[in-house]
Amino acid sequence: MDLIGYNKRVQKDKVTGFEKFAYGCGEISTNIVFTIATSLLTMFYTDVAHVSAATIGMIIAISQIFNGASDICAGFIVDRTRSKYGRARVWMLRMSGPYAIAAILLMTVPQIAPMAQAIYVFITYNLMLTVVYTMFQLPFATTMTYMTRSQEERAKINIIRMAMSPIGNILVTLLFTRILNMMPNGGMNSQKNWVILTAIYAVGAACMMLFCFVNVRERVVVKDEAAGDKVPLSKALPALFKNKYFILLFLFFVSFAMYQTFQGTMATYYCKWIIGNTDIIGNVNTACYGITIVATLLLGKFMHLTSKRNWCIIGAMFIIAGSLILILNPTSVALVTFGGLLRGIGMTPILGMIFTMIADSIEYGQWKTGLRTAGAIQSATTSGQKFGQGIGSALIGFIMQGNGYNGDLAVQSEHTLQTISNLFIYGIAILGVLMIVILLFYHLDKEYPTIIRELLERESKVVLKDEK
């Protein structure tokens, strides 16, 4: 088989529209509990379970030591998995049930002594985010790299995935607190109501992932130096850290997840204490994430105008603008909503491009080291998200506690209110600047054509050897 013939074989990996939709449903599933954890969990701990903000900040900070490492380990586990359902896809089946159970346990914080309560929070938080969510989300994301090696098909899969991605966030941010407030026996202040509603969301999320599992397929047959064998950690780990784009994308995901955490968590506090109406949370997040559904689909028609990196930089600029616009009138509901709209526009190119950039870095890693460690490289996504979420949540907890926040008070001090406002406006803007700085070092878009050409030439030789 010559190179042209092999290239045609790679490019014929077509994925049906229904399969792309099913994969998008998996994205909704992963976002439901992630949104609860990033947007609502901190407030639940402080205002409903009555755990101090400093304790929560400490727990989340310590948890990230385990959390980030677990993603790298999960990546290696996926790379070493062999089953009749493939390398990555099988974990959707294995982890759907534990995903729902662990999410419910987050909300069943007992009203006991503070130290015992903190231990319970630490255990259940890590069970959910360090263990279960990691082995749920990372294999799901890695599955795309095994569905096809066609860059065109990957782009289409990711566009649909990212167009559907905000649905999970909207289902939580628009409806969760509204439903809580309508529930009897305490509404949003009732822990029982939080448990019941979280259970409904979690079971629905698990069912959506099972739907994804049933309807997607792995097609890529790996041809690398491992020759289909399990890559030993002694080779896989050095190969991972020789991939400079893995490191850059990891750092980008840290900063992006910190932004998502600040956006989600501080929007809740901002609407409650600055605007004075928690129902506005749904409006802000619907504006932010709702616009991405339409904008992501439109992005597919314009993505050829510049590189993926440049699109992400443009997105970060919109995020900065969406935050700083509140300087004009911090208490304006219209400006808060419009700021959410701008941030949503900014998130569109980032979400539309970044996962394809991860896939590109997998090809770069194979070209650089001769080994395809797709799961480990994909951990740049989840480990970066976990580190970013943890660092962001910890910073929020420490800063809020240090500036006098107390969830049991009916009225916060002026100093505390100013802190909430600063974190929501300037904190998010600073994170947008950090994302731009990291992206300035990313040059794979220009290097990719040469890299993939050389990689295909190598693999064509492997194919010819196998055929002989």
Side-chain angles (χ1 to χ4, degrees), residues 13 15-16 18-34 69-103 127-149 153-154 157-158 160-161 164 168 202-224 226-233 236 240 355 358-359 362 365-366 371-383 385-386:
D13 289 339
V15 181
T16 67
F18 181 77
E19 187 174 347
K20 293 169 185 170
F21 168 77
Y23 190 69
C25 289
E27 177 70 16
I28 296 173
S29 173
T30 65
N31 274 346
I32 287 176
V33 172
F34 184 75
S70 74
D71 289 89
I72 305 297
C73 293
F76 288 129
I77 290 171
V78 171
D79 287 334
R80 293 171 62 81
T81 298
R82 304 292 185 272
S83 78
K84 66 178 181 179
Y85 298 119
R87 295 189 178 191
R89 173 174 163 255
V90 64
W91 290 99
M92 301 182 197
L93 175 64
R94 293 173 179 175
M95 299 308 295
S96 291
Y99 180 63
I101 294 170
L127 175 65
M128 178 70 248
L129 293 171
T130 302
V131 181
V132 176
Y133 183 78
T134 297
M135 289 306 304
F136 185 75
Q137 199 276 339
L138 187 143
F140 161 76
T142 305
T143 297
M144 184 182 76
T145 69
Y146 287 107
M147 290 169 69
T148 176
R149 289 189 70 177
E153 285 298 294
R154 279 181 180 173
I157 292 169
N158 198 58
I160 293 176
R161 172 189 176 187
M164 296 176 67
V203 171
C207 290
M208 293 190 77
M209 185 58 81
L210 289 174
F211 174 77
C212 176
F213 163 77
V214 170
N215 291 288
V216 303
R217 295 290 181 269
E218 292 187 12
R219 298 174 180 81
V220 173
V221 178
V222 176
K223 297 290 183 181
D224 62 5
D229 296 330
K230 296 180 180 180
V231 181
L233 292 181
L240 179 65
F355 293 99
I358 284 285
I362 291 171
Q366 186 178 344
L371 297 174
R372 187 179 182 85
T373 53
I377 293 174
Q378 189 67 53
S379 69
T381 307
T382 53
S383 61
Q385 283 180 329
K386 301 292 184 54

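Scope of the values below: all heavy atoms of this structure, side chains included, with no hydrogens, waters or symmetry mates.
You'll find the side chain of Val33 stays beyond 4.5 Å of the side chain of Phe136, heavy atoms only. Side chains of Tyr23 and Phe140 form a contact here, defined as non-hydrogen atoms less than 4.5 Å apart. Inter-residue side-chain proximity for Thr134 and Leu129 is flagged as unmet; no heavy-atom pair is nearer than 4.5 Å. For the pair Thr16 and Phe21, the minimum side-chain heavy-atom distance is 4.5 Å or more.
Qualifying side-chain hydrogen bond (donor to acceptor under 3.5 Å, both in side chains) partners for Ser96, counting only residues two or more places apart in sequence or in other chains: none. Taking the salt bridge (charged side-chain N to carboxylate O under 4.0 Å, His left out) definition, one finds that Glu19 meets it with Arg219, sequence neighbours left out.
Closest of all the heavy-atom pairs between Ser70 and Thr130 is OG-O, 2.8 Å. Shown here for Cys212 and Ala22, the closest heavy-atom pair between the two residues is CB-O, 3.4 Å. In terms of heavy atoms, Gly86 sits closest to Glu218 at CA-OE1, 3.3 Å. Here the closest non-hydrogen pair linking Asn31 and Gly168 is CB-CA, 4.3 Å. Pro139 and Val78 get closest at one heavy-atom pair: CG-CG2, 3.7 Å. Closest of all the heavy-atom pairs between Phe18 and Asn215 is CE2-OD1, 3.2 Å.
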**Pair Met209-Tyr99, side chain to side chain contact (heavy atoms under 4.5 Å, CB included): steps then yes or no** = CA-CA 10 Å; Met209 185 58 81; Tyr99 180 63; over 6 Å; no
**Request:** Just do the side chain to side chain contact (heavy atoms under 4.5 Å, CB included) check on Arg89 and Met147 with the steps written out, would you?
**Result:** CA-CA 10 Å; Arg89 173 174 163 255; Met147 290 169 69; over 6 Å; no
**Item:** side chain to side chain contact (heavy atoms under 4.5 Å, CB included) assessment of Met164 paired with Glu27
**Value:** CA-CA 7 Å; Met164 296 176 67; Glu27 177 70 16; 5.7 Å; no
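Residue Ile77 holds its CD1 atom at 9.5 Å from CG of Leu138, rounded to the nearest 0.5 Å. Taking CD1 of Ile101 as the start and CE of Met128 as the end, the distance is 11.0 Å to the nearest 0.5 Å. Rounded to the nearest 0.5 angstrom, Ile160 CD1 and Cys25 SG are separated by 11.0 Å. Distance CE/Met144 to CD1/Ile358: 9.0 Å, rounded to 0.5 Å.
When the shell of 6.0 Å around OH of Tyr85 is examined, it contains 12 or fewer heavy atoms from other residues, nucleotides or ligands.
Under the 3.5 Å distance criterion, the side-chain polar atoms of Ser29 are left unmatched by any main-chain donor or acceptor of Met208. Counting only distance, with no hydrogens or angles, the side chain of Gln137 and the backbone of Thr30 share no donor-acceptor pair below 3.5 Å.
For the pair Arg87 and Tyr146, the NZ or CZ position fails the cation-pi test of under 6.0 Å to the six-membered ring centre and within 45 degrees of the ring normal.
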